[in-house]
Amino acid sequence: MARSTQAVFAVVATRALANLVRAQLAGRGLGVDWRLIESSAEAAVPELQGLLQAGQLDAVIAAGQGAEQLRAALPVPVVQIKVSGYDILRALAEARRLSPRAVLLTRRRLGEDILALKPLLNLDLTPLIYDNDADARRHLDTLARAAQPVVVGSSKVVHLAAEYGLPGVLIYSGESILAAFDAALELSRVARLEEGKRERLDRILESLSEGVVAVDGEGRVQSINPALASLLGLSAQQALGRQLSELAPELQLGEVLRSGEPRRDEVITLAGRRLVTQQLPLVEAGQQVGAVLTLQESSAIERADRKLRAEARKSPFRARYALSDVLGESAGIRAARELAALYAQADAAVLIEGESGTGKELFAQGIHQLSRRAAAPFVALNCAAFPESLLESELFGYEEGAFTGSRRGGKPGLIELGDHGTLFLDEIGDMPLPLQTRLLRVLQEREVLRLGAAEPIPVDVRVIAATHAKLQSAVAAGRFRADLFYRLNILSLPLPSLAARGDDVRLLAERLAQDALLRQGSALPVAALTEPLLAVAHGHTWPGNVRELQNVVERMAVFLAASGWLREGDVRRLAPELLSSAPRGEMPLAETAEQLRREHALAMLAECGGDKILAAHRLGISRTTLWRLLR
């Protein structure tokens, strides 16, 4: 049966107290549904249990020892009608109004309380104490044979006194009954709140696909959700109160209960299924009261892990490589790595110069990963890959209706999307002059204006540009704006060609061969590929740099995995370009990072007209560091 929305109380009382309850509560709007059960506590238990099963009982109100008996028999709050000092004085005054001789007959606990209050209440009275009905009857028999006083006591005492022809006065007052109702209302309110919390928690647990069980300090099941109960082959009701280890020996919480320390990510097998468990202590008011165990199928965790990895790969605006991924031990590449790490600590624009295939974007990503912007987007754009009209909309974005075919609602450009992060512009030398002007404004004003928009949007983006061409020559030829060149060339990073890196060719070939053979599923040694390849490629100038080496290695790996061998003749046949390279000029590269830094500082100082403060600010270093470099 559905639970009543209004609290339901039962008052258990015998004759005199029952009459007082009726008189006191008649016509009062207590905001509760109450019913009077006029009987002893023991006789009332079956009726109360029936109300409880029907969902029609929130609290019980009773007096004296009856309240204690009901509290032991029922799982609902039982409120005892208390006797106050006022009640005692009122009852005695009423008794002495009836007769000058009055006797207080009470059980031992209340009698001891009255004796303690006697000095405070200024009572010239010593109560008669009884422990059971036989004691009460002996006292009443003696009183009936002697002075025949008025007897003050509980409802039971008043009833027994009448059997001996003695007048009686009930010790309880209407105020005591109302106080008991107030206490019951508060208890039932709290109980209903707790029940609501438990119901919400149960609904949450029922909705979980993971198994969950909570135990008390002795390892007995206090709560279990359907997912785990089903796995154990029983209902939740069948599991409650039983030892968890009895239900499933594999589910052990003993260590957590003993130590209070959580145990995470342990793998068990239960009912033929591999499960990952989490075991945590349950703590209330600073004390451990039990433990909770959750189980999740390992396959579900693996699926989630695959999904997270896939989602991470989908993100187009993230850097995947760090400077540590740049392989090589030649002086040139070490100097470039050191300089890139230094530039990462500043926030000025960087211009990376190097031939195609030398790893310009790899260095750009490494600088971003080491910078304060590492957690923000890394947005890369190849300026040579788009026609001018499309490049403009990609970089700066557009408003709705800016041109025919524009997306509804407009579209943010890559500069906006890189806000607080890094914008990498590859092949910057191929950017059309009109867009160079707009990019210069972005760098100067730190704001971007979408196509068709009237209001600019503030942006905070660091620009790293890259080129394979000599920008200074392009400036001299009028193909590149001089002011944009100086804006981009604050921190200059030249990269060496592969031909200038000496033994790095072998180091790179071995790493690329290892990866390529792994992709082919081949267990052949790396040397089976690199030795014949490097023998033929000796003296090759690698015009395509690392990208060319990677392509050649991949080609050799496919052949080696299929045939099981690779000879020098096979290399010559598969890669004839290795036989027809000619020497070419190399980009000059300082031997050390310190030398590169000094050359760049001198160039910046000249650009700033000898102003050391301005030069240090543009370089992103202190004046002391600039002075040391120039010295």
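- From Leu362, atom CG reaches atom CG of Leu323 across 7.5 Å, with rounding to the nearest 0.5 Å.
- At distances below 3.5 Å, at least one donor-acceptor pair connects side-chain atoms of Tyr343 with backbone N or O atoms of Ser492.
- No donor-acceptor distance shorter than 3.5 angstrom exists from the side chain of Arg273 to the backbone of Glu297, with no hydrogens or angles considered.
- Counting heavy atoms from C-beta outward, Gln436 and Ile428 have side chains that stay 4.5 Å or more apart.
- Using a 4.5 Å cut-off on side-chain heavy atoms (C-beta onward), Thr277 and Thr294 make no contact.
- A donor-acceptor pair is defined here as one N or O able to donate and one able to accept, closer than 3.5 Å; such a pair exists between the side chain of Arg337 and the backbone of Val326.
- Side-chain contact between Asp483 and Gln444 is absent, with no heavy atoms from C-beta onward closer than 4.5 Å.
- Within a 6.0 Å sphere centred on CZ of Arg441, heavy atoms belonging to other residues, nucleotides or ligands number 12 at most.
- Considering CD1 of Ile457 and CZ of Arg446, their distance stands at 16.0 Å, rounded to 0.5 Å.
- Rounded to the nearest 0.5 Å, atoms NE2 (His468) and CG (Asp426) are 10.0 Å apart.
- Contact record, Ile352 with Ala364: CD1-N, 3.9 Å, taken as the closest heavy-atom pair.
- When all heavy atoms are compared, the tightest approach of Pro532 to Leu566 is CG-O, 3.4 Å.
- Looking at every heavy atom in both residues, Ala214 comes nearest to Leu282 through CB-CD1, 4.1 Å.
- Residue Tyr321 places its OH atom among 12 or fewer non-hydrogen atoms of other residues, nucleotides or ligands, all under 6.0 Å distant.
- Atom CD of Glu531 sits about 4.5 Å away from atom CZ of Arg506, to the nearest 0.5 Å.
- The closest donor-acceptor contact from the side chain of Arg462 to the backbone of Ala348 lies under 3.5 Å.
- Checked by atom type and distance alone, the side chain of Asn225 pairs as donor or acceptor with a backbone atom of Val212 at under 3.5 Å.
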Inset, instruction - Take Asp430 and Glu427, measure what side chain to side chain contact (heavy atoms under 4.5 Å, CB included) needs, and give me the verdict at the end. - result: CA-CA 6 Å; Asp430 293 322; Glu427 304 300 351; 3.8 Å; yes

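- Between the side chain of Asn545 and the backbone N or O of Leu498, at least one donor-acceptor pair lies under 3.5 Å.
- The structure places CG of Asp570 at 8.5 Å from CE of Met556, a figure rounded to the nearest 0.5 Å.
- A salt bridge links Lys411 and Glu394; the closest N-O separation between the charged side-chain nitrogens and carboxylate oxygens is under 4.0 Å.
- When atom types are taken as modelled, the side chain of Gln278 and the backbone of Leu293 share no donor-acceptor pair closer than 3.5 angstrom.
- For Arg519, the CZ atom is densely surrounded, since the number of other residues' heavy atoms within 6.0 Å is greater than 12.
- Arg438 CZ: more than 12 foreign heavy atoms inside a 6.0 Å radius.
- Counting only heavy atoms from C-beta outward, the side chains of Glu266 and Val276 never approach each other to under 4.5 Å.
- With respect to Glu353 and Lys470, no salt bridge is recorded, no charged nitrogen being found less than 4.0 Å from a carboxylate O.
- Inspection of the Ser330 and Asp504 side chains reveals an N or O donor paired with an N or O acceptor under 3.5 Å.
- Side-chain contact between Thr358 and Phe363: absent, with no pair of heavy atoms (C-beta onward) separated by less than 4.5 Å.
- The OH atom of Tyr486 sits 6.5 Å away from atom CD of Gln472, with the distance rounded to the nearest 0.5 Å.
- Gln279 is not listed as a side-chain neighbour of Pro262, based on a closest heavy-atom distance of 4.5 Å or more.
- Salt-bridge formation is not detected for the pair Glu355/Arg501: no Lys NZ or Arg NE/NH1/NH2 atom is positioned less than 4.0 Å from an Asp or Glu carboxylate oxygen.
- Between Glu338 and Arg334 there is no salt bridge, since none of the side-chain N atoms of the basic residue sits less than 4.0 Å from a carboxylate O of the acidic one.
- In this structure a side-chain-to-backbone donor-acceptor pair under 3.5 Å is missing from Glu261 to Leu280.
- Annotation: side chain of Leu425 is not in contact with side chain of Ile464 (no heavy-atom distance under 4.5 Å).
- Under the 4.5 Å side-chain criterion, counting only non-hydrogen atoms from C-beta, Glu447 is not in contact with Val442.
- A donor-acceptor contact shorter than 3.5 Å links the side chain of Asp325 to the backbone of Ala322.
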Side-chain donor-acceptor pairs under 3.5 Å in residues 369-385, sequence neighbours left out?
residue, atom, partner, partner atom, Å
Gln369, NE2, Ala319, O, 3.1
Ser371, OG, His368, O, 2.8
Ser371, OG, Arg373, N, 3.1
Arg372, NH2, Asp347, OD2, 2.9
Arg373, NE, Asp347, OD1, 2.9
Arg373, NH1, His420, O, 3.4
Arg373, NH1, Gly421, O, 3.2
Arg373, NH1, Asp460, O, 3.2
Arg373, NH1, Asp460, OD1, 3.4
Arg373, NH2, Asp347, OD2, 2.8
Arg373, NH2, Asp460, OD1, 2.8
Asn382, OD1, Ala384, N, 2.9

Inset, instruction - List the steps, then state whether side chain to side chain contact (heavy atoms under 4.5 Å, CB included) holds for Val505 with His540. - result: CA-CA 10 Å; Val505 175; His540 183 57; over 6 Å; no

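- Counting non-hydrogen atoms of other residues, nucleotides and ligands closer than 6.0 Å to CZ of Arg573 gives a total above 12.
- A donor-acceptor pair under 3.5 Å is formed between the side chain of Lys360 and the backbone N or O of Gly354.
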